[in-house]
There are 2 protein chains.
Amino acid sequence: MKKCMREGTADQRVAYYWGRVREQGQKKKDFDWPSTEVILNLAYTYDVLMLHWSKLLSRYRLSLSTMNILTILKYSQGEGHEQQELCQLLLVSRANITKLIDSLVKRGLVVRTASLLDRRVWIVKLTSAGDELFADFNPFLLKEAKRITSRLTGKEKKLLNGLFLKLRAGAAREGSLK
Amino acid sequence: MKKCMREGTADQRVAYYWGRVREQGQKKKDFDWPSTEVILNLAYTYDVLMLHWSKLLSRYRLSLSTMNILTILKYSQGEGHEQQELCQLLLVSRANITKLIDSLVKRGLVVRTASLLDRRVWIVKLTSAGDELFADFNPFLLKEAKRITSRLTGKEKKLLNGLFLKLRAGAAREGSLK
DNA sequence: TATTGTTATACTCTATAACTATA
DNA sequence: TATAGTTATAGAGTATAACAATA
């Protein structure tokens with residue numbers, strides 16, 4: 001991976017490619033550069049940040065998904081969550097959440113406990129080992145979040161968060177191509 | 001997947017969880033909610049948009065990565081690219097770009113041609129079949145980019161693009177945790 | 001009948017390291 | 001020695017459908 005990235009030049013390279021997209025798009029129907037740029041930027045920024053993030057998490061043998069599960073469970077304050085709720089929060093299918101939870105159970109980080117209200121349901125909870133692991137990685141992530149966003153002012157962060165919301169609203173809107 | 005998402009409520013659910021993150025984070029050292037929110041928003045917005053995007057691409061039996069490769073090659077206007085350049089543009093390792101290109105070669109969408117300058121190098125180019133497929137999917141993606149960003153004004157799109165750049169600059173900065 | 005979760009399967013993507021051949 | 005690309009391998013993630021138990 002490292003070998004493929006010459007330090008400090010990735011953004012320039014991408015800019016060069018994007019320039020071509022922009023030029024050659026002009027001729028096309030429905031082309032709107034700022035719109036396209038937003039999508040390219042979202043995907044590329046995600047890749048850059050999450051590549052970095054994944055590397056941090058690999059120290060704890062966690063992926064983004066498993067880290068998210070532990071975090072969600074931690075913030076439930078001992079109540080836990082149904083697997084189905086985790087599906088909704090993580091945008092992961094039922095079949096795949098089963099596998100993710102399986103892997104965490106195997107490592108002793110979470111447990112499945114039966115629901116008293118609905119016998120079809122498992123409530124997933126953090127174990128003390130899971131809690132410890134969370135206490136271990138979470139401070140790093142908070143620090144990193146602060147560092148990564150350090151070039152933005154408070155006002156810009158708020159602005160950015162509002163724009164993200166609008167983007168998602170656009171994606172969810174009716175009339176999408178089926 | 002669909003079964004796990006009750007229409008129109010995903011954002012509220014996530015907001016509920018984020019509320020807990022925010023509350024319980026307050027006590028912690030290095031916690032800064034707007035910074036954390038930016039990261040959560042980036043990841044979640046990416047997931048929402050790309051889930052949708054992937055569904056569109058699956059009609060063409062393409063993933064985000066393979067779509068990107070075809071697009072990059074298309075915009076090289078017949079010149080093609082070294083695999084190594086694709087690594088840099090896509091943030092994918094050399095080993096893995098080999099596999100991705102293999103799969104496209106197998107489908108007849110791209111070809112590897114020897115470089116005349118360096119005998120270690122393959123130049124990857126779009127075939128006419130690849131070109132046709134691009135002509136097929138690209139208009140949909142342009143339309144979708146426009147639709148997804150339709151809730152943003154032109155000014156907001158520009159703003160957003162600038163903020164993405166700052167985010168990436170922050171991630172790349174020296175002094176990151178090693 | 002609908003929902004929660006599991007199982008099975010196949011595919012894609014990623015990470016790592018050892019390897020070949022060129023430069 | 002360094003670089004471009006390949007091979008091998010193992011693990012993670014995703015998509016789909018069929019299934020059991022329960023509501």
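Naming convention: chains lettered A, B, ... in sequence-line order (proteins, then strands); numbering from 1 in each chain.
In terms of position along DNA chain D, the nucleotide closest to A:Ser63 lies nearer the 5' end than the nucleotide closest to the other residue of the pair A:Arg119 and A:Ser63. Comparing A:Glu82 and B:Leu100 by the nucleotide of DNA chain C that holds the closest heavy atom to each, the one mapping nearer the 5' end is A:Glu82.
Between A:Ser65 and D:dG13 there is a side-chain N or O to OP1 or OP2 distance below 4.0 Å.
Distance CG (A:Leu57) to P (C:dA15): 12 Å, rounded to an integer number of Å. Between B:Arg120 atom CZ and C:dT22 atom P the separation is 10 Å, expressed in whole Å. When rounded to the nearest whole Å, the span between CG of A:Leu117 and P of C:dT4 equals 14 Å. A:Ile123 has its CD1 atom 11 Å from the C1' atom of C:dT4, to the nearest Å. If you measure from atom CG of B:Asn68 to atom P of C:dT14, you get 11 Å, rounded to the nearest angstrom. In this structure, the CZ atom of B:Arg59 is 13 Å from the P atom of D:dT16, given to the nearest Å. D:dT22 atom P lies 18 Å from atom CD of A:Gln84, rounded to whole Å. One interatomic measurement links the two molecules: CZ of A:Arg61 to P of D:dG13, which rounds to 13 Å at whole-angstrom precision.
Salt-bridge annotation for A:Arg147 and B:Asp30: absent, with no side-chain N of the basic residue lying under 4.0 Å from a carboxylate O of the acidic one.
By the side-chain hydrogen bond (donor to acceptor under 3.5 Å, both in side chains) test, A:Ser35 is found to be paired with A:Asp32, B:Thr149, B:Lys157, residues two or more places apart in sequence or in another chain being considered. Remark: A:Phe31 pairs with no residue by the ring pair (Phe, Tyr, Trp, His ring centres under 6.0 Å) rule, at least two apart or across chains. Residues satisfying the side-chain hydrogen bond (donor to acceptor under 3.5 Å, both in side chains) criterion with B:Lys166, sequence neighbours excluded, are A:Glu156. For A:Thr45, the side-chain hydrogen bond (donor to acceptor under 3.5 Å, both in side chains) test picks out B:Arg168, with sequence neighbours left out.
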message = Base contacts versus sugar-phosphate-only contacts with protein, heavy atoms under 4.0 Å: please encode nucleotides 6-11 of chain D as B, S and - from 5' to 3'.
response = BBB---

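Residues A:Leu90 and A:Ile97 come closest through the heavy atom pair CD1-CD1, 3.8 Å.
Listed by chain and number, the hydrophobic cluster partners of B:Val121 are B:Ile123, where partners are ILVMFWY side chains within reach of under 4.5 Å, directly or through others.
As judged by a 4.0 angstrom heavy-atom cut-off over every strand, B:Ser54 is placed among residues making no nucleic acid contact.
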